[in-house]
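Input: a single structure, listed below in structure tokens.
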Amino acid sequence: MALELGGPPSYHALGSREVVCHWLSHVKLSRIIVLVSIVLIIVPLITHYYLSKVESNVPNGDVHRTRSKLEAFEDFSTLKASDLKLRIEEMMRIKGSVSTELRDLEAKRQRLQLEVVGFTQRIDELKLELIHQQTELERLKISVEQAQVAQREALQRNTPDLALPQRLLPSSAPEQLTPPPPGEGLHCRMYNCFDYSRCSLTSGFPVFLYDPDHYPVIARGWEVEGFVKTTLKQTLGYNPHFTSDAKVACIYVVLVGEALAVPGGQNTQNSAKTLQESLLHNLPHWGGDGRNHVLLNFARSSSVHDSRDLSTGGRDVFAGVDTGRAILVQSTFARSSFRPDFDIVAPPILGPPGGDVWQDCPSMLPARRRYLLSFQGEFRYSTDLVTTKEATVKSLAETVDNIDDEENKEDYKSDFRRKSSDSDNQEDVDRFIMEHLHGMAYGSTSDRFLFHFECSLSVAPNIEGTVRKLNTGRWPSDSGKVSDSWGEWALCGTESSRTNVLRDSTFALIMAPTNTSLVSTTVVQIRVYEALRAGAIPVLLGGDRLEMAYGEVVDWRRAALFLPKARITEMHFFLRSIPDSDLLSLRRQGRLVWERYCSSVQSVVDTVVAVLRDRLAIPPLPVQDEPSPSVFNSTFTPLKTEAVVSEAEPEESLGPIEPPYPSPRFKRNYTVFLTQGHEMWNDWGDPFRLYPQLPFDILLPSDAKFIGSGVGFRPIGRGSGGAGKEFSESLGGNNPREQFTIVMLTYEREQVLINSLSRLYGLPYLNKVVVVWNSPKPPLEDLRWPDIGVPVHVIKATRNSLNNRFLPYDAIETEAVLSVDDDTHLRHHEIVFGFRVWREQRDRIVGFPGRFHAWDLNYGGWLYNSNYSCELSMVLTGAAFFHKYYTYLYSYWLPQAVRDKVDEYMNCEDIAMNFLVSHVTRKPPVKVTSRWTFRCPGCPVSLSEDDTHFQERHKCIKFFTQVFGYTPLLNTQFRADSILFKTRIPHDKQKCFKFI
């Protein structure tokens, strides 16, 4: 039922649409055409009728308004030409008015849009300014806190201001005293034979030289060698301690020798009277006892024993002479006359007056040379042994005749046998040594030796045949012995021939004289000198009883090997057990000792003076800073402008804003040589000057900052530590607060320089900027210098040299120096991070662009390489921190040839500084951050883009290696990043640096 009732409605609903479609599909085309024609005729008629009716009902005054309303529907064909023209003109006016109004509206819209954009930008700027002001406020708060701490420290400080002390000098010459009894001088030491009252700690250690032409002390028939006399006067005159005022002098220097016998003169055969006592005691400031006098007897031409009677350099010229309380300086000393810590053993002065001496030294590599051990010499029989025997026999005979007691006679006979046995033992030991050396040369070892035992033979090209001749293993017969009073091995050949052998030798054997009464001889000192110069490590057989040159300050055990003669049988085993690293360390140390203290007359004279000064605990004179003349004259004031930073620095609190604070200077004037004197003499190599600060200064323990020694320290969180916020408020670390100086080298790139200076505005811990103006042209008068909040000192360089980058200018008042090029673009957080890292690595170069030296696989030697690498050995000083101490070493200590090469190529000064620091510290540089290169947007193309630049740097590395004797650069495989870098930390904590 339901289905039937519901069926018909559904059928009609669906069927109506189908019926219409069915009808349309069957209608005829003629009917459709008729229908469309009727519609086209009726619709226009109805429209025309409607419009005519509406227009007839409208008043005449509203015709124009009606037209404006109905013009779209009007039939223009019925209008007159004049009316049509008027209506067109009206419509054109309306169009123009509408267009003008639309343009005004569009302009207004654009102005509103610009105002909206401007207000939006202003809002963003105000937001940034708010953040900036908040950051500045935080910095100011930190600065106020730091200033308050500094004020409290200043109020609590009970130490005087640090400054160089005033000199305290004597006012009169030494007073005349009673001469000491004969023989008392043999017991002289500093405490009983030296007048300390003339040498106060603040005196500066003035040294007076008796002019040898006006005050000769040599007997007739002798004269001081011309070279020694001239160079001594010259070199001592260059010494900063020299004074021409005898009244204020601390010590008085008397030149005794080397003196040579005048041909045909008197007293040439009586060497004991070479030094004339009467002339010595009559010196105007001798004072009766010769206190504070230093007698110099240098050795130069007496390289063989035969010349001892003709010169004073090879013997003890003071033997048998009353020298009172004077200090003796020479190369030859007897054990009975040498007074330890009073007299000084000096090396021979065989080198030039001064200057570079690196050309005389071969390369330190390879570690093991052609010969393991070499020796050239001829034994001179000791007549002292025979003389001693004869004297003993004669004394024994006279004594025995006067003794009645038979028991006492036997005692004296036993004493005679003991003394005779001692003399024979010395000869037997040397005979055994020679035989053992012969056995070493012919042993089964693969090591090669060169032993030359006779001066009549020369080293032939056929080494094996020569060795068979020389290593006879036979002790010279009595008939063949050459008489000598000391019994030592004489030098053979020329200096050149000996040097050639030593350059091929890993070790150089040096044997002590047979006569044990000698503690030093000129021949031994000459052998040591030649071995060190040639890079052969000295092996002193019998060295346990010898005194070395400057032994009280120079650690000779780091440069030479000392073996008692009883160790001759173990010597080969001992030498073979030394690894290459120790060989090169000994060789390097030996060269340092030779270059600094023995190589020239200047070095020997300066070292003798420095040893005496060091003995009195008087600090050296302060090193001189380079003057910093301004590029502007005194009447010109450069124009200033506000710093405009093109790229805003990321908003990050990096540290407080502080006024310039110079680093304390000369804090350790009287203690550095007490606590670090060994390092000063044997590691750093410059004990001749007093530096204002050192990168090696001793650090305090951590708890000292909180218990009594906290002045100047700014621990993180006052000692409790902390993350980014606390970290940015204090420097922390192991050193007191300090700042750094930026040194920027520039040459005729004013706008690049100004842009670089502008970027330094607001940089924390910046003390000042020193601009080295290398151009001969002064800056433009209308050049506007940015005001960056710290002084900008523009130094006028005397000449265009890249070495000017490393001059120790007196304008640099901080220990830390940041050297940058004028086109280097470093962000503030990078600079501050580099400064913090340097504070913990003060003795190293800390910087950004890393480079390395690579081995040339095709031709050998080193090449400069700037490619990306996982290992580096240099940090370019175009963006690097280093200690000001190294600017002194670079300018005053580095061989002049290195600086000349930099001027020649106008390149490589950064490589030279890396060589220097690695040579002194034996450490590689430290690279910080991931930056490898620095591109300055808009800067001119630099010289480093040229291929010639790299070719010159290849040559520089090779040349510097020749000067140093080896390549001191060391490789490193890590860089320094912030501690919390890439560390997940809580949301309420900040990282040390947001972007590092």
Side-chain angles (χ1 to χ4, degrees), residues 363-367 580-581 584 588 802 805-806 818-821 823-824 826 830 833-834 837-838 841 843-883 886 890 894 898 901-902 905-935 942-977 996:
S363 173
M364 299 185 195
L365 281 299
D580 289 358
S581 58
L584 292 175
R588 174 181 174 275
L802 294 180
R805 181 194 298 274
F806 301 129
L818 173 58
S819 173
V820 296
D821 293 331
D823 58 355
T824 298
L826 288 173
E830 293 176 316
F833 175 67
V837 173
W838 174 86
Q841 306 289 339
D843 59 338
R844 302 162 79 171
I845 298 178
V846 177
F848 301 89
R851 300 292 184 267
F852 65 100
H853 61 304
W855 187 254
D856 189 346
L857 299 178
N858 296 323
Y859 304 101
W862 292 111
L863 298 175
Y864 173 83
N865 201 310
S866 62
N867 296 331
Y868 293 101
S869 172
C870 294
E871 197 171 59
L872 60 89
S873 58
M874 292 177 282
V875 166
L876 303 186
T877 54
F881 284 93
F882 51 82
H883 199 282
Y886 293 120
Y890 185 95
L894 197 65
V898 174
K901 184 63 67 174
V902 170
Y905 287 151
M906 208 63 178
N907 197 346
C908 305
E909 83 287 355
D910 46 1
I911 300 177
M913 178 58 83
N914 277 271
F915 264 68
L916 171 64
V917 177
S918 295
H919 174 68
V920 173
T921 63
R922 302 304 300 130
K923 296 178 182 178
V926 177
K927 173 173 170 49
V928 293
T929 76
S930 60
R931 297 279 291 271
W932 192 263
T933 58
F934 295 91
R935 300 293 183 186
S942 63
L943 295 176
S944 60
E945 303 289 338
D946 189 2
D947 182 66
T948 306
H949 173 82
F950 287 91
Q951 296 300 326
E952 291 173 348
R953 293 172 86 80
H954 299 330
K955 297 177 183 178
C956 284
I957 291 182
K958 295 176 182 177
F959 179 75
F960 296 162
T961 297
Q962 294 177 3
V963 174
F964 284 87
Y966 74 115
T967 305
L969 300 177
L970 295 174
N971 295 319
T972 181
Q973 298 179 355
F974 76 94
R975 74 167 189 245
D977 286 306
I996 296 179

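Numbers here are sequence positions counted from 1.
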Closest approach of Val928 to Gly834 (non-hydrogen atoms, all atoms of both residues)
CG2-CA, 4.3 Å
In Å and rounded to the nearest 0.5 Å, what is the OG to OH distance from Ser873 to Tyr864?
9.5 Å
Lys955 side, atom NZ; Gln951 side, atom CD - distance, nearest 0.5 Å:
7.0 Å
Mind checking the NE2-CG spacing from His853 to Asn865? Nearest 0.5 Å is all I need.
11.0 Å
State, to 0.1 Å, how close Ser869 and Glu871 come at their nearest heavy-atom pair, and which atoms those are.
OG-O, 2.9 Å
Here the pair of heavy atoms bringing Glu952 nearest to Cys908 is O-SG, 3.8 Å
Taking all atoms of both residues into account, what is the closest heavy-atom pair of Pro925 and Thr972, and its distance?
O-CG2, 3.8 Å
Arg844 side chain vs Val917 backbone, donor-acceptor pair below 3.5 Å:
no
Could you give the distance from NZ (Lys927) to CZ (Arg851), rounded to the nearest 0.5 Å?
8.5 Å
For a side chain to side chain donor-acceptor pair (under 3.5 Å) check, start with the C-alpha distance between Thr967 and Trp862, then their side-chain angles and the critical distance, and finish with the verdict.
CA-CA 9 Å; Thr967 305; Trp862 292 111; 3.0 Å; yes
Heavy-atom distance under 4.5 Å between the side chains of Trp838 and His883, does that happen here?
yes
Test item: Tyr966 and Leu584 side chains (from C-beta on) under 4.5 Å apart, heavy atoms:
no
So, His954 side chain and Leu863 main chain: donor-acceptor pair closer than 3.5 Å or not?
no
Could you tell me how the ring of Phe960 sits relative to the ring of Phe915: parallel (under 30°), tilted (30 to 60°) or perpendicular (over 60°)?
perpendicular
Could you state the interatomic distance from CG (Leu872) to CG (Leu970), rounded to the nearest 0.5 Å?
11.5 Å
Determine which pairs satisfy salt bridge (Lys or Arg N to Asp or Glu O under 4.0 Å) with at least one residue from residues 909-924, sequence neighbours left out, and list them in order.
Arg805-Glu909, Asp843-Lys923, Asp910-Arg953
Is there a donor-acceptor contact under 3.5 Å from the side chain of Asp821 to the main chain of Asp823?
no
Separation between CG (Leu818) and CZ (Phe848), nearest 0.5 Å, reads 7.0 Å
Please confirm whether the backbone N or O of Leu876 pairs with a side-chain atom of Asn914, one donor and one acceptor, at under 3.5 Å?
no
How close do Leu826 and Ala879 get, counting heavy atoms only, and between which atoms?
CD1-CB, 4.0 Å
Partner of Tyr886 by side chain to side chain contact (heavy atoms under 4.5 Å, CB included), out of Ile845, Thr921, Leu894:
Thr921
Is there a side-chain contact between Val902 and Tyr890 (heavy atoms, below 4.5 Å)?
yes
How close do Met364 and Phe964 get, heavy atom to heavy atom, and via which atoms?
CE-O, 3.5 Å
Is the backbone of Ser819 close enough, under 3.5 Å, to the side chain of Thr877 for a donor and an acceptor to pair up by distance?
no
